[in-house]
Every structure is written in C-alpha cells, then in structure tokens.
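Any value given below was found using the heavy atoms of this structure, including those in side chains, with hydrogens, waters and symmetry copies removed. All chains are named by letter (A, B, ...) in the order of the sequence lines, taking the proteins before the strands, and each is independently numbered beginning at 1.
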2 protein chains.
Amino acid sequence: MNDNKYELIYRDLANKIATGIFAVGNYLPSENDLRRQYAVSRETIRKALLALRNEGKIQKIHGKGSVVLGTRPALTSPELKGFTEIAASLDDPTNSRLVQNDSVYVDPERFFGREETIVRANAPGAQPAVLIGRLREVRHQPVSLDRDYVLTDIVPTLPDDPAETSLYAHVEETVAPISYAEREITMTQADWDDHQFLEVQLGTSVVVIRQKVYLTDTRLALLSESRLDPRQFHYREFVRRHLT
Amino acid sequence: MNDNKYELIYRDLANKIATGIFAVGNYLPSENDLRRQYAVSRETIRKALLALRNEGKIQKIHGKGSVVLGTRPALTSPELKGFTEIAASLDDPTNSRLVQNDSVYVDPERFFGREETIVRANAPGAQPAVLIGRLREVRHQPVSLDRDYVLTDIVPTLPDDPAETSLYAHVEETVAPISYAEREITMTQADWDDHQFLEVQLGTSVVVIRQKVYLTDTRLALLSESRLDPRQFHYREFVRRHLT
DNA sequence: TATGATTTGTGCGTATGTATA
DNA sequence: ATATACATACGCACAAATCAT
C-alpha cells in the first residue's frame with residue numbers, strides 16, 4: 001500500500017465506482033471539481049483518472065468528462081494475484097490442498113510452449129526450485145490444479161504451511177515486491193493428475209495458464225502453472241486500442 | 001496516428017527496442033539524456049516511458065534506470081486489432097474467405113456467457129445487425145472462424161468486400177475511432193461449422209474469444225466471436241501487479 | 001452560424017523526495 | 001557524502017472537443 005496522493009484518490013474513486021456511489025453510465029465530477037474536492041493539483045487527479053482508465057473502469061471523453069464503465073471480476077482474470085488473494089475477495093468458501101512438495105530443477109526458458117520444464121540438474125539453464133502443487137477448491141468443488149516452481153536462488157525460504165499461505169505474500173515479505181508477469185494460456189490433453197484431481201476425463205482438453213513472475217528488479221522469482229477444467233473456464237479482460 | 005510529441009517518442013523508442021538498437025537487458029538512456037536528445041521536457045519523456053512500461057516493453061527501476069524487457073507478438077494477443085491488421089504484420093501468407101453474410105437481430109446482453117446471441121426481432125434488447133462470417137487462413141491452414149455482428153444502428157454501412165477489408169478500418173473511417181473492448185475467452189464443444197471449417201473433430205473442444213468493441217464515446221459498435229483450434233491456440237500477455 | 005463557457009489533452013518548468021551506486 | 005536517476009506534486013499556458021446560448 002502506497003500513500004501517494006494520486007493512489008489514495010485512485011482507490012477512493014475506484015471504491016466509489018465499485019459501491020455504486022458513482023453509477024455506471026454517469027459522469028464523474030470534472031477534473032477541476034475533483035481537484036477542489038481533494039485539494040490537490042490537477043495533474044494528481046489526472047494520474048488517478050489515468051489508472052482508472054487503464055483498468056477499464058472509466059472512459060475519458062474529450063470535452064465532456066469521464067464516464068463510469070463498470071467493473072469486471074472473475075476467478076481467472078488479468079490481475080496479477082495469487083489464488084489466496086483472490087479467494088479473500090470471494091464470498092464462496094475456498095480451500096487449498098497440498099498435493100506435491102518436491103525439490104526439482106527447472107529451465108525457465110522451456111516453461112512456455114510445449115516443452116518439459118523440469119530438467120536434469122546438470123542440464124544447461126537448469127535452476128534449483130521447489131515444486132509446490134496445490135488443488136484449489138471453491139464451494140467444495142475442484143477448480144484448478146496449481147503448480148508453483150519457486151526458484152531457490154531468488155526465494156530461499158518457503159512458508160511453513162504452503163497450503164494455507166499466499167506464496168506472493170511470502171515472496172514480498174522475505175525478498176522483494178512482485179512487479180509483473182508474462183502469462184500464457186494454452187490448451188492441452190488432460191493427464192492422470194488432471195483426471196484425478198479436477199475430475200475431468202482422460203484425454204479431453206484442459207486449460208493451462210502459465211506465468212513467469214518477476215520482481216521489481218526484473219529477477220525471475222517463480223514459475224506458476226494453473227490447470228483448469230475447460231467447462232468452468234472463463235477469462236475476461238479489458239483491452240484498449242490506443243495509448244490515449 | 002497522432003502527432004503528439006510523447007507518442008512520436010514512444011513509437012521511436014518502441015521501434016528501437018523491436019529492432020534491437022536498445023537490446024534486451026540493457027538500460028535505456030536516462031530520462032535526462034532522452035530529454036536532451038529529443039529536446040522536450042522531462043514529463044514528455046516520462047509519458048513515453050510510461051506507455052512502454054504499461055506494455056511490458058521496459059521496467060523502470062527507481063534510482064537506476066529503465067531496463068529493456070523485450071517484445072511479445074502473437075496471432076491471438078491482448079492488442080485490440082482485427083485479423084486483417086495483424087495479418088499485415090506477419091510474414092506468412094494469409095487469407096480470408098467469406099462464409100456467412102446475413103441480417104440478424106442480436107442481444108448484446110446475451111453475448112458473454114453461454115446464451116444465444118441471435119434473438120427474434122421482437123425480443124427485449126434485440127438490435128439489428130449484420131452477421132459476417134469469415135474463415136481465416138495462415139499459410140493456407142485454417143486458424144480461426146470469425147463471426148462479426150455489426151450493429152446496424154451504429155455502423156449503417158459495410159465495406160464492399162467484407163472478406164478483404166478490415167472491419168475496424170471501415171468503422172473508424174465511416175463512424176468514429178474504436179477505443180476499447182471487453183474480451184472473454186472460453187471453451188466449448190466443436191459444432192458442425194467448426195468441424196467443417198477448422199477441421200476439428202465434432203464434440204472436441206474449441207477456444208472461443210468473444211469481444212464487445214466500443215467507440216470513443218462508449219457506444220457499442222460490434223460484437224465479434226473468434227473460434228480457434230485448441231491445438232494452435234496460445235495467448236500471451238503481460239500483467240502488472242501495481243499501478244506504479 | 002457563431003460565440004463563450006466548460007472540460008479534457010498536451011507540454012513546459014520547477015521543487016522536493018527517495019533509491020542507487 | 002556526493003552525484004545520478006527516477007517519483008511525486010504543483011502551477012501555468014494553450015489546444016481541442018463539446019455544449020448551451
């Protein structure tokens with residue numbers, strides 16, 4: 001949590017949109033009104049509005065004002081959050097079960113695409129990692145089978161109870177803030193684990209979301225793979241055509 | 001194309017990153033150097049860098065500089081572009097075949113999720129639209145079956161040859177700039193058309209990307225559905241954890 | 001049609017704070 | 001400690017789009 005002015009204003013406005021105080025389709029107060037209300041400069045207001053715009057919460061219309069567009073939630077969404085963090089914002093009961101916890105070697109270069117990520121210790125590009133496999137349940141139904149490869153060189157420790165704790169929170173507390181990720185979504189054939197845990201038929205398709213998660217200093221901290229039942233998969237995002 | 005200073009600088013820097021003049025892993029010149037090189041104020045430079053950062057092309061590190069991260073291309077990517085526009089940037093030969101061209105009524109409220117989009121003319125929420133179905137081929141292989149529902153009330157005319165022309169370009173020339181879209185990715189069972197055109201087996205899974213495409217004034221201009229062979233589907237995007 | 005008021009967009013300058021080396 | 005580099009914040013001027021008169 002930052003205490004920047006524009007971020008505080010951003011959160012206040014985002015909250016007022018989420019709770020309907022600023023209703024969808026209506027205009028926000030003008031930048032000059034907001035400037036007076038928050039007693040800041042116009043540039044500070046504009047930074048807050050830009051952040052809302054980039055997330056698709058408002059649309060700025062030249063000469064008119066800022067229209068409230070609405071809000072989009074989902075379990076699998078463009079936000080860079082861990083399951084534990086998303087679960088905290090859901091009403092439904094959620095559960096994580098540890099199903100794997102091994103020391104392995106991985107080659108991050110082979111994580112995207114359809115190659116094998118786990119390699120021999122002496123393979124070129126091999127890095128030591130801890131593999132944590134967790135089955136995620138919402139409303140007591142399995143929704144995803146997650147495997148995180150935590151790079152030991154960057155993240156030397158792990159939470160005491162990996163099933164209960166947010167990996168992201170642990171990394172940010174013990175190493176450095178998580179900053180960004182490259183994400184890949186593909187489809188593949190269900191394997192035995194998918195069949196066992198996600199209760200999908202062998203050989204049918206499952207959705208695979210892979211992420212390379214980086215710290216603020218661009219160091220790669222972990223690889224994560226999430227396998228989902230295609231019947232439950234729905235991914236929503238907001239995309240813009242232009243910078244401005 | 002805008003002729004704003006910061007956008008020109010953005011494009012110049014993006015181009016130098018794409019062509020390797022600024023190599024991955026290296027630092028860009030400092031904001032002060034860039035300010036001198038382009039003979040603009042520091043804020044203008046910072047706007048250009050912010051745009052690069054938001055697209056995952058650079059990472060700004062406080063007190064150090066801006067590291068070049070790299071570039072990510074793909075046929076199905078987070079950019080809001082039509083197939084014709086993406087095809088223009090590919091080396092491979094591409095082709096579009098018109099397979100459908102009908103007048104229908106749609107209910108945009110029913111476009112996301114798993115409901116029927118095409119409704120009766122007198123249904124509540126029904127809007128007139130032209131359905132344009134096109135089979136897209138790359139390297140003479142079918143890659144996607146696209147259906148665009150162009151809302152007649154907003155876009156009254158259509159290009160003369162819908163198979164060859166970019167719908168997006170036509171909308172922007174005759175109506176208003178396209179600004180943003182809500183996108184949904186799901187999976188469903190292949191139907192007869194998928195089997196015929198995409199050459200996938202009946203009943204196996206296909207990827208469905210649906211988009212609601214809006215103009216700068218927030219009017220909904222068209223609905224588009226893209227159905228893809230899951231074996232060829234790979235979607236890559238860049239996501240950030242924080243605003244700053 | 002034209003004009004002025006309002007609102008957002010772009011650009012510049014300056015000052016201060018904070019992180020890095 | 002000092003210099004460098006990025007981050008935040010304020011203020012100002014003018015351009016461009018919109019709308020009511």
Carboxylate-amine/guanidinium contact [X] [Y], below 4.0 Å:
{"X": "E31(A)", "Y": "R36(A)", "result": "no"}
{"X": "R241(B)", "Y": "E85(A)", "result": "yes"}
{"X": "R134(B)", "Y": "D148(B)", "result": "yes"}

Check the distance between [N]'s [atom2] and [X]'s [atom1] and give it to me in whole angstrom.
{"X": "I45(B)", "N": "dG13(C)", "atom1": "CD1", "atom2": "P", "value": "12 Å"}
{"X": "K47(A)", "N": "dG9(C)", "atom1": "NZ", "atom2": "C1'", "value": "16 Å"}
{"X": "R35(B)", "N": "dC12(C)", "atom1": "CZ", "atom2": "P", "value": "11 Å"}
{"X": "L34(A)", "N": "dC10(D)", "atom1": "CG", "atom2": "P", "value": "14 Å"}
{"X": "E7(A)", "N": "dA9(D)", "atom1": "CD", "atom2": "C1'", "value": "15 Å"}
{"X": "Y38(A)", "N": "dA9(D)", "atom1": "OH", "atom2": "P", "value": "14 Å"}
{"X": "I58(B)", "N": "dA7(D)", "atom1": "CD1", "atom2": "C1'", "value": "14 Å"}
{"X": "L50(A)", "N": "dG9(C)", "atom1": "CG", "atom2": "C1'", "value": "12 Å"}

Taking only the side-chain nitrogens and oxygens of [X], find out if one of them lies under 4.0 Å from OP1 or OP2 of [N].
{"X": "K5(B)", "N": "dC12(C)", "result": "yes"}
{"X": "R46(B)", "N": "dA7(D)", "result": "yes"}
{"X": "N4(B)", "N": "dT10(C)", "result": "yes"}
{"X": "Y6(B)", "N": "dG11(C)", "result": "no"}

(message) Is it the case that the side chain of N4(A) and the backbone of Y6(A) share a donor-acceptor pair, with hydrogens and angles ignored and the cut-off at 3.5 Å?
(response)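 It does not hold such a pair.
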(request) Taking D102(A) for its side chain and V104(A) for its backbone only, find out whether a donor-acceptor pair lies under 3.5 Å. (result)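 The answer is no, because no donor-acceptor pair under 3.5 Å joins these two groups.
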(message) A cation-pi test, strictly: NZ or CZ of K212(A) under 6.0 Å from the centre of the six-membered ring of F112(A) and no more than 45 degrees from its axis. Yes or no?
(response)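 That pair qualifies as a cation-pi contact.
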(request) Tell me the partner of dA5(C), counting only Watson-Crick (N1-N3 plus N6-O4 or O6-N4) or G-U wobble (N1-O2 and O6-N3) with both under 3.5 Å; none if nothing fits. (result)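 When the pairing criteria are applied, dT18(D) turns out to be the nucleotide that pairs with dA5(C).
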(message) What does the B/S/- profile of nucleotides 16-21 of chain C look like, 5' to 3', with a 4.0 Å heavy-atom cutoff to protein?
(response) -BBBSS
(message) Both D33(B) and E43(B) contact DNA chain D. Which one's nearest nucleotide lies toward the 5' end?
(response)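 Comparing both residues, the 5'-ward one is D33(B).
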(request) Looking only at non-hydrogen atoms, find the nearest pair between R110(A) and V119(A) and report the distance. (result)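 What the structure gives for the nearest pair is CD-CG1, 4.0 Å.
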(message) Can you work out whether S66(A) or T44(B) has the more 5'-proximal nearest nucleotide on DNA chain C?
(response)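 Nearer the 5' end of the strand: S66(A).
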